[in-house]
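The structure under discussion appears below in the form of C-alpha cells.
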Amino acid sequence: KVVSTVHHRNAAGILDGVRILGGHDEGKILSLMRKRGIDLLLLCPESDSDSYFLDATDDQILYRRLVSGDPPAWLRAVALPAGLGDNFRLFEVTDRRR
C-alpha cells in the first residue's frame, strides 16, 4: 500500500508526505507515520519533486537528514542493489508501535 506519491489525485497523501519528509520534529513525524501505517520510505534524491520537501533554511528536515545519511534512530537504511542504490534510498521504520 502506498501512502504518498507526488500525484494530484492523492492530495491527502501528498500533504502527509510533505509533513513527514519536510518535518523536523521527530515526535510529530513518527506519530504521523504510525497513524498512516508507514513501514518503508523510498526516496529518489535529486528528482524533480525534491522541491516539495526542501526548505532552504532548515538542514534538519527529515528528507535532508535521510539524503545526507543521518536518519533518526527509528529509521534504518536498507541496502539496495547497485543499479537502484545509485538513484534511490530506502529506509525501514524500526519503531512500529501504533
Side-chain angles (χ1 to χ4, degrees):
K1 178 166 121 176
V2 174
V3 172
S4 176
T5 61
V6 183
H7 191 274
H8 70 281
R9 294 176 193 223
N10 185 12
I14 288 174
L15 292 176
D16 283 345
V18 169
R19 288 180 186 117
I20 290 167
L21 293 171
H24 63 279
D25 182 318
E26 287 189 31
K28 289 179 182 178
I29 293 168
L30 184 55
S31 176
L32 184 52
M33 290 179 67
R34 285 178 181 154
K35 177 182 169 188
R36 291 295 235 142
I38 296 172
D39 296 318
L40 298 168
L41 287 176
L42 181 67
L43 305 180
C44 181
E46 318 250 345
S47 72
D48 291 340
S49 58
D50 283 2
S51 62
Y52 284 96
F53 314 114
L54 297 177
D55 175 347
T57 63
D58 191 350
D59 288 335
Q60 294 303 305
I61 63 170
L62 183 61
Y63 184 87
R64 282 210 172 122
R65 288 183 61 194
L66 296 176
V67 170
S68 70
D70 179 32
W74 42 269
L75 279 177
R76 177 184 67 83
V78 177
L80 293 171
L84 293 176
D86 296 338
N87 298 308
F88 296 95
R89 303 271 184 354
L90 181 62
F91 298 88
E92 177 182 21
V93 178
T94 59
D95 183 338
R96 291 197 174 103
R97 291 175 283 163
R98 306 269 192 245

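In this chain, residues are counted from 1 in sequence order.
- With a 4.5 Å cut-off on side-chain heavy atoms, Trp74 and Ile29 count as touching.
- Nearest approach of Phe88 to Leu42, heavy atoms of both residues: CB-CD1, 3.9 Å.
- Of the listed residues (Leu84, Leu40, Leu41), just one forms a side chain to side chain contact (heavy atoms under 4.5 Å, CB included) with Leu90, and that residue is Leu40.
- Identified under the salt bridge (charged side-chain N to carboxylate O under 4.0 Å, His left out) test for residues 18-30, with sequence neighbours left out: Asp16-Arg19, Glu26-Arg65.
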Asp39 and Glu92: CA distance, side-chain angles, deciding distance, side-chain contact (heavy atoms from CB on, under 4.5 Å) verdict: CA-CA 6 Å; Asp39 296 318; Glu92 177 182 21; 6.0 Å; no
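- Ser31 places no side-chain N or O within 3.5 Å of a backbone atom of Gly27 that could act as its donor or acceptor partner.
- Summarising the geometry of Val93 relative to Ile38, their closest heavy-atom pair is CG2-O, 3.5 Å, with the distance given to 0.1 Å.
- The CG atom of Leu43 sits 6.0 Å away from atom CG of Leu21, with the distance rounded to the nearest 0.5 Å.
- When every heavy atom of Leu66 is checked against every heavy atom of Pro71, the shortest pair comes out as CD2-CB, 3.6 Å.
- Pro45 and Val67 make their closest contact through CG-CG2, 4.0 Å (heavy atoms, listed as atom of the first residue, atom of the second, distance).
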